[in-house]
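Values reported hereafter were calculated over all heavy atoms of this structure, with side chains retained and with hydrogens, waters and symmetry mates removed.
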Amino acid sequence: MLYYLFTYLSEHYNLPGAGVFQFISFRAAMAVITSLLIAQVFGKSLIRILQKKQVGESIRDLGLQGQLEKKGTPTMGGLIIILAILVPVLLFAKLDNIYIVLMLLSTVWLGLIGFLDDYIKVFQKNKEGLSGRFKVLGQIGLGITVGWVLFFSNDVTVRQYLLPNGQLSAVDASTVYQDVKLMITTIPFAKNNELNYGNLFAYAGPYFNGLYSFLYIPIVIFIITAVSNGANITDGLDGLAAGTSAIIGITLAIFAFVSGNALLADYLDIMFIPNSGELVIFCTAFVGACVGFLWYNSYPAQVFMGDTGSLAIGGIIAVLALIVRKELLIPVLCGVFLIENLSVMAQVSYFKYTRRKYGEGRRLLRMSPLHHHYQKLGYHESKIVSRFWIVGIMLAVFTLVTLKLR
């Protein structure tokens with residue numbers, strides 16, 4: 001909103017300094033500052049309200065060190081994160097940008113699903129919360145919406161450059177180019193690192209050329225569901241999910257910045273995605289919200305984010321990666337989420353297998369997800385979180401290196 005206001009003042013009244021709102025870097029800086037302030041001010045007030053209404057987390061005794069001390073800690077703190085994202089984005093971003101619209105939709109959509117889950121747990125005293133199938137249906141609904149927009153909207157394009165041999169390329173810049181509707185993504189570590197989803201059906205003949213939307217949209221659904229659930233599972237220790245998400249958010253902000261800047265995209269030899277630079281404002285607001293939430297969520301936590309926050313931040317990360325065409329890097333960038341997910345799947349699968357084979361279930365880990373395994377080994381909660389953050393930073397740096405490592 002402020003972008004449009006100051007643009008109007010600059011164009012019609014030549015207001016000194018108003019033109020600075022044209023720069024993404026300035027608006028991104030303002031977004032992160034605003035999100036931090038909102039998280040600080042609103043967070044303190046929300047915690048008081050939640051404590052007054054006795055909106056506390058119910059804790060099952062799993063024999064973990066310090067676990068019972070957390071009983072009664074307010075949950076639904078994800079509202080802090082969501083507000084600290086939405087307000088700066090609405091103030092400083094271009095609201096007619098298709099990518100900003102998609103990110104706002106994704107944030108609110110999964111935030112509402114998580115809120116319903118927390119509400120049922122806290123106010124209706126149902127420990128199961130929202131039924132799993134309704135959560136999955138909500139994630140599938142968002143996946144269909146995001147996939148449909150990215151696939152069919154004419155506002156979603158990539159720049160193609162005309163090479164001397166007459167072919168088009170998304171990475172080798174020339175003076176002749178066109179912005180086209182093309183569903184391509186980045187293959188990490190490959191020299192000619194473009195994957196055209198349309199080519200996946202090419203072997204089936206010309207009758208199947210228009211059917212690759214039936215493949216692309218399920219891929220989008222899978223990515224959104226997997227990453228949001230991964231963030232949800234990771235949210236088990238004070239500051240773990242929020243800190244890891246902030247690291248991922250910084251990385252995605254860099255990807256959005258270089259992918260949305262023609263000169264940097266040319267220098268790095270990566271595809272230029274018109275209008276995607278506006279996502280930097282969203283990314284910085286997201287990072288500011290996660291860091292601001294850490295003020296209250298770091299050990300010992302004064303508030304938990306609950307599903308309201310964890311589902312939303314996972315969905316945000318997934319949709320951001322899809323928009324900047326880096327979804328194939330998610331296993332690396334979101335490696336912490338992935339290993340947490342896999343640890344649960346491996347534990348359950350191995351337990352069922354050994355129960356069938358030996359008549360009693362056996363466990364690979366002392367407890368899943370993985371962070372609880374380390375708790376069972378006697379590691380302090382803050383040490384586990386710090387080391388997971390370090391792993392997250394290493395994975396983020398490695399992900400950024402793929403810009404030039406081919």
Are the side chains of [X] and [Y] in touch, meaning some heavy atoms are under 4.5 Å apart?
X	Y	result
F398	V332	yes
I313	M305	yes
L377	M367	no
M103	V89	no
R362	F351	no
T157	L182	no
I113	K135	yes
V227	L338	no

About how many Å separate [atom2] of [Y] and [atom1] of [X], when rounded to the nearest 0.5 Å?
X	Y	atom1	atom2	answer
I247	T399	CD1	OG1	11.5 Å
L279	F255	CG	CZ	13.5 Å
F21	T7	CZ	OG1	8.5 Å
S386	Y379	OG	OH	13.5 Å
I223	S228	CD1	OG	11.5 Å
C290	I248	SG	CD1	9.0 Å

For [X] and [Y], which heavy atoms make the closest approach, and how far apart are they?
X	Y	value
F388	V336	CD2-CG1, 3.7 Å
G77	V303	CA-CG2, 3.7 Å
I281	I24	CD1-CG2, 3.8 Å
N341	A226	ND2-O, 3.3 Å
A265	F272	CB-CB, 3.9 Å
E278	I100	O-CD1, 3.6 Å

Subject >> Q178 vs R159, side chain to side chain contact (heavy atoms under 4.5 Å, CB included): CA-CA, chis, key distance, verdict >> reply: CA-CA 6 Å; Q178 55 184 324; R159 182 155 294 179; over 6 Å; no

Would you tell me whether [X] and [Y] have side-chain atoms, one donor and one acceptor, within less than 3.5 Å of each other?
X	Y	answer
N297	D238	no
D118	T75	no
Y4	D96	yes

Original post:
Does OH belonging to Y353 count more than 12 external heavy atoms closer than 6.0 Å?
Top reply: no

**OP:** For Y267, look at atom OH and say whether over 12 heavy atoms of other residues, nucleotides or ligands are found less than 6.0 Å away.
**Re:**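 Not buried by this count: 12 neighbours or fewer within 6.0 Å.
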
Subject >> Stepwise side-chain hydrogen bond (donor to acceptor under 3.5 Å, both in side chains) check, N275 with D155 >> reply: CA-CA 9 Å; N275 303 316; D155 293 325; over 6 Å; no

**OP:** For T244 and L240, run side chain to side chain contact (heavy atoms under 4.5 Å, CB included): C-alpha distance rounded to whole Å, both residues' side-chain angles, the deciding distance at 0.1 Å, then the answer.
**Re:** CA-CA 6 Å; T244 305; L240 179 55; 3.9 Å; yes

